[in-house]
Amino acid sequence: MAAITFIGLGNMGGPMASNLVKAGHTVTVFDLSKEAVAALVSEGAKSAATAHEAAAGAECVITMLPAGQHVEAVYLGDDGLLAKLPAGTLVIDSSTISPETARAVAEQATAKNIPFIDAPVSGGVGGAKAGTLTFICGGAEETFNKAKPILETMGKNIFLAGEHGAGQVAKICNNMLLAILMAGTSEALALGVKNGLDPAVLSEVMKQSSGGNWALNVYNPWPGVMEAAPASRGYEGGFLVNLMNKDLGLAFDNAVKNHAAIPMGSLARNLFELHAGQGNGALDFSSIQRLYKPE
Ligand code: NAD
């Protein structure tokens, strides 16, 4: 069992840290939200007043933060964790950020002999709670092998996609596809319902047919079809539209830099931006259904 510091206890980080506590690791947590920290402390984690205090004496530091600027603020600069962490401390960043930011953190970590991997996740809040996340890692194989037993406490499928930043590239591709699939699934359901079909029956038909996809399997966007899905609780919690827009922005920037055409991804990005602009940024991303079916 290891001494692990977990920073960023939101929709994803909270249940991930909780699984580390349950597995018997000594977990010290830090978040800007006192409520998020208190929830973990009630499960057996230790708390700290600052990120530096939380990381003191840690064998492994894990971060699960909203975006690149938060990761930079926590790790880089004179006040960042990398300035103080001892050589050899394993550092894992599971936030979804740009490959460039992940490489910048990796470069500074490597200069200080701190093994670092980018390890963004897929699987949603349900996967975080169940400990069945997919981790998509980028970094040296030796660091990956060190991190794997810890990641296995929180996930089921652990991939090494390539060098530093490769985990983020694979994650960005995956989330662009997810946005396209969620918008497409919402569109198909709305068309069926306009024709008088029961959305639950149509979902079951498509799930077992060639249109089957993750949204239909575990994250149905139509309210009431899937009890555990955010759609059935007013699209609260889950993966926020604002975070999906951040990821679609990362895909778009990356495509521009690499002269890659992403017509479907660009359309999905515009749909989700339109949706956020109508006041839905803090809802789960499956609320894109509302663009097709005003409630
Ligand atoms: P969230 O907004 O629910 O949680 C982020 C947490 O980080 C918050 O509790 C916030 O207080 C904390 N935080 C921000 N800045 C901090 C700082 N400087 N120090 C300490 N704590 C800080 O976000 P989330 O949904 O948990 O997502 C986290 C990351 O995981 C994002 O990059 C997101 O894109 C990615 N992700 C989310 C999902 C999902 O379904 N929610 C799925 C896969 C990947």
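Below, all heavy atoms of this structure are taken into account, side chains as well, without hydrogens, waters or symmetry copies. Residue numbers start at 1 and run along the sequence shown. As the structure lists them, so they are numbered: ligands from 1, and atoms in each ligand from 1.
For atom 3 (O) of ligand 1, the closest heavy atom belonging to the protein is N11 N, 2.9 Å. In terms of protein heavy-atom proximity, atom 29 (C) of ligand 1 is nearest to L65 O, 3.3 Å. Regarding atom 40 (O) of ligand 1, its nearest protein heavy-atom neighbour is F239 CB, 3.1 Å. At the top of the distance list for atom 4 (O) of ligand 1, counting protein heavy atoms only, stands G10 CA, 3.2 Å. Remark: minimum distance from atom 10 (C) of ligand 1 to any protein heavy atom is reached at D31 OD1, 3.5 Å.
Between F285 and Y219, the gap from one ring centroid to the other is short of 6.0 Å.
To the nearest 0.5 angstrom, I4 atom CD1 is 8.5 Å from T26 atom OG1. Rounding to the nearest 0.5 Å places NZ of K84 at 13.5 Å from OG1 of T89. Rounding to the nearest 0.5 Å places NE2 of H275 at 11.5 Å from CE of M244. Here the OH-CD1 distance, from Y235 to I288, works out to 10.0 Å after rounding to the nearest 0.5 Å. Separating the CD1 atom in I180 from the CE atom in M182 is a distance of 13.0 Å, to the nearest 0.5 Å.
Within the 3.5 Å criterion, the main-chain N or O of L197 finds no donor-acceptor partner in the side chain of N195.
Residue contact check for ligand 1: G124 places a non-hydrogen atom closer than 4.0 Å to it. Residue A36 places no heavy atom under 4.0 Å from ligand 1. Ligand 1 has K246 within reach: a non-hydrogen atom of the residue lies less than 4.0 Å from it.
Listed here is the closest heavy atom pair of A119 and I92: CB-CG2, 3.7 Å. The two residues M226 and N217 come nearest to each other via the heavy atoms CE-O, 3.3 Å.
Taking a cut-off of under 4.0 Å to the non-hydrogen atoms of M64, the atoms of ligand 1 that pass are 29 (C), 30 (O). Atoms of ligand 1 found under 4.0 Å from any heavy atom of G238, numbered from 1 in the order shown, are 41 (N). Below 4.0 Å from some heavy atom of G8 lie the following atoms of ligand 1, by number and element: 7 (O). Here is the list of ligand 1 atoms found below 4.0 Å of a heavy atom in T96: 32 (O), 34 (O), 35 (C), 44 (C). Close approach of ligand 1 to F30 (heavy-atom distance below 4.0 Å) involves ligand atoms 19 (N), 20 (C). For ligand 1, the atoms lying closer than 4.0 Å to a non-hydrogen atom of H70 are 15 (N).
Looking at P66 against ligand 1, both its backbone and its side chain come within 4.0 Å, counting heavy atoms. Contacts of V74 with ligand 1, taken as heavy-atom pairs under 4.0 Å, involve the side chain alone. Only the side chain of K171 comes within 4.0 Å of ligand 1, counting heavy atoms alone; its backbone N, CA, C and O stay farther away.
The heavy atom nearest to atom 38 (C) of ligand 1, out of those in M12, M16, K34, is found in M12. For atom 23 (O) of ligand 1, the choice among L243, D284, I7 with the nearest heavy atom turns out to be L243.
Close N/O approach between S122 and ligand 1 is not found [any backbone or side-chain N/O within under 3.5 Å]. Not a single N or O atom of V121, backbone or side chain, sits closer than 3.5 Å to an N or O atom of ligand 1.
The side chain to side chain contact (heavy atoms under 4.5 Å, CB included) test applied to E152 returns K148, I158, not counting sequence neighbours. In terms of the salt bridge (charged side-chain N to carboxylate O under 4.0 Å, His left out) criterion, K112 has no residue partners (sequence neighbours excluded).
More than 12 heavy atoms of other residues, nucleotides or ligands lie within 6.0 Å of NZ in K246, so this atom counts as buried by the packing criterion. Atom CG of D198 is surrounded by more than 12 heavy atoms from other residues, nucleotides or ligands within 6.0 Å.
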